Participant: 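Here you go, one structure.
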Amino acid sequence: MSFILHHQIRENIATYLSEKTSLDKELIYKNLSPPPNKEMGDLAFGCFLLAKQMKKSPAQIANELASKLQEQDFVQSFQAAGPYLNMKLKIDEIGKTVLNEIITGAFFSKGLTENTPKSMIEYSQPNTHKELHVGHMRNLCLGDALVRFLKYTGHEVISSTFPGDVGTHVAKCLWYMKKHNKEEVPSENKGAWLGAMYTKGNNLLEEQKGSEKEEENRKELTTILQELHQGSGPYYQLWQETRQWSLDLMNKIYQWAEVKFDKWYWESEVDASSVELIKKYYEKGLFVKDQGAIGIDLSEEKLGFCLLLKSDGTGLYATKDIELARRKFEDYQIQKNIYVVDKRQAHHFKQVFKTLEKMGFQQAKDCYHLQYDFVELPDGAMSSRKGNIVPLEDLILQMTSEIKEQYLNKYQGDWAQEEIETTAHIVAAGAIKFGMNRIDPSRKIVFDMKEWLKIDGESGPYIQYVHARIHSLIQKINPQIGQEKINWSVLEKKQEAQLILKLMDFHIELQVATESYRTSHLCSYLYDLSKLFNSFYAECSVANAESEEIKQARLALSYCVAKVLEKGLALLGIRAPLKM
Ligand code: ARG
């Protein structure tokens, strides 16, 4: 994707440096970063990038530039420190630009990109007939945040999902329900109950392995799969009914999480046509037949053999994914095709993308598997096969009641009950969404409810709390803040400068996060911003400021922090309550 240089201040500095060094402006822009030690300046540029071109050491270059460069619009002075060119910025000038824009909202409505590809993000593709558990939330939260990041930065994005409503897991569940279950179907929460049927079915099949039942079970499962495939028979009817239970559960969770998909694809819907597609390409001579089965040899690409049709004529998971991709390209003319799926499926997607390429789909090179690692409980891994999971609905209930107990019940009587409920929902969703996005996708997440709810840790509720505190500060001192002109030049403290610079960097951090599909990057930014606000607030009294002018400027600065926190949280799909 191509980001435009949108940030007036950075751009201004980059232009200046580029004129003086004849180095590409965009390159400079991207490499302007805060120095490790704040005492050294506000922004630094590593001169390594110039060494080759100028045939000098980075330190020499930094020295020469520092002595040559002069004060300009936003830079007070330049100094060399080793290989770095450090800059002391004119905070009041920057404040005027950035802070006023945040207050008017102009800051948030800038186009950040140009010539972006039309993208689809497929995420949250749970299997029906299994229970949704906390692990599924990682995919959901990551995918939803990415959709929001891309939209905000100016991309056209289509969100899609692809639930797995056919396959052996379904057969196992229906088998148990029909042959072994003695319980009555509950009148509510059928989706969760169905998930338990799957787990029981799976366990029983494991148990009976090696016994005289094994052969009988295998036959029964084959019958079930055949009925589902043909679309008729008692198992097919049971499938239709039970599939809806799972769908109801998914929708309930999506509604709770405030997630919506533009397009629902289903595994069952691409099953038959995927088989036809493979046959068509086999006829064209692209695939090979081996003992009745059809597939493609990808050994030259070190991807082994990709089986596409079994000898009984049925397709596989990869078969469906090929047809799915074809549909996505055709339905939406997308240029970038992103799949948020856990890392176990890396090989699968490599095979699928390579096969698509060999089939002649241009878009194959722009298919991307965004992998992520698992969610574990403090005492180990989860598996719905074994049944040691935290069902999502239970978790949500538990979390909501914990939040009320810890933070909100004290307002009973003061707040309307509805407000308590809504806030508890927002905080629970905030804790989960922040917790799931906070960790880099390549790392494992250990889900620990108590940790995630702490308002003094790196958590969603912490950021929400800082936001709410600023709101109440504003209510107390001047609810009209921002409507009158502020004299920013009175902000002279170190903590104030740090805060202003951090606000200035919101979009650059967001760009880095979006380009690398790492929503965790924004989470760190929001956490750092909140911490900076807290140290500002501890050092620079707002209510008892040295003068009225300083008081209003500090309050307006706080208001800007709240605005950026609110926007940042919204990009993660998190709401920011005004009180908590
Ligand atoms: N339903 C699958 C699973 O639970 C994930 C589907 C991922 N998406 C895809 N296009 N293959 O493992």
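Starting from 1, each residue takes its place in the sequence as its number. Counting starts at 1 for both ligands and their atoms, following the listed order. Just so you know, these numbers come straight off a predicted model, no measurement behind them.
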Participant: Look at the aromatic rings of F506 and Y525 and report parallel, tilted or perpendicular, splitting at 30° and 60°.
Facilitator: tilted
Participant: Check K320 against ligand 1 and report side chain, backbone, both or neither, counting heavy atoms closer than 4.0 Å.
Facilitator: neither
Participant: Using distance alone, determine whether Y339 and ligand 1 share an N or O pair under 3.5 Å.
Facilitator: no
Participant: Salt bridge or not between E276 and K280? Use side-chain N to carboxylate O under 4.0 Å.
Facilitator: no
Participant: So which heavy atom in the protein is nearest atom 8 (N) of ligand 1, and how far is it from that ligand atom?
Facilitator: E122 OE2, 2.7 Å
Participant: Any idea which part of Y123 is under 4.0 Å from ligand 1, heavy-atom wise: side chain, backbone, both or neither?
Facilitator: neither
Participant: Provide, to 0.1 Å, the distance between atom 10 (N) of ligand 1 and the closest protein heavy atom, together with that atom's residue and name.
Facilitator: D321 OD1, 2.7 Å
Participant: Can you tell me which residue among Y265, F349, Y123 is in a ring pair (Phe, Tyr, Trp, His ring centres under 6.0 Å) with Y339?
Facilitator: F349
Participant: Let me know which of E183, E207, E131, E206 forms a salt bridge (charged side-chain N to carboxylate O under 4.0 Å, His left out) with K200.
Facilitator: E183
Participant: What side-chain donor-acceptor pairs closer than 3.5 Å can you find for residues 567-576, not counting sequence neighbours?
Facilitator:
unit_1: R575; atom_1: NE; unit_2: E258; atom_2: OE1; d: 3.3
unit_1: R575; atom_1: NH2; unit_2: E258; atom_2: OE1; d: 3.4
unit_1: R575; atom_1: NH2; unit_2: E258; atom_2: OE2; d: 3.4

Participant: For atom 5 (C) of ligand 1, find the nearest protein heavy atom and state the residue, atom name and distance (0.1 Å precision).
Facilitator: Y317 OH, 3.5 Å
Participant: Answer yes if the ring centres of H180 and W175 are under 6.0 angstrom apart, and no otherwise.
Facilitator: yes
Participant: So which heavy atom in the protein is nearest atom 12 (O) of ligand 1, and how far is it from that ligand atom?
Facilitator: Q345 NE2, 2.9 Å
Participant: Going by the atom numbers of ligand 1, which of them fall below 4.0 Å from some non-hydrogen atom of V341?
Facilitator: 7 (C), 8 (N)
Participant: Which residue owns the protein heavy atom closest to atom 4 (O) of ligand 1, what's the atom, and how far is it?
Facilitator: N127 ND2, 3.3 Å
Participant: Rounded to the nearest 0.5 Å, what's the gap from CD1 on I432 to CZ on R138? Could you check?
Facilitator: 14.0 Å
Participant: So which bit of L324 gets within less than 4.0 Å of ligand 1, heavy atoms only: side chain, backbone, both or neither?
Facilitator: side chain
Participant: Working to the nearest 0.5 angstrom, can you tell me the gap between F149 CZ and L112 CG?
Facilitator: 12.0 Å
Participant: Report, in ascending order of atom number, the atoms of ligand 1 lying under 4.0 Å from any heavy atom of F349.
Facilitator: 9 (C), 11 (N)
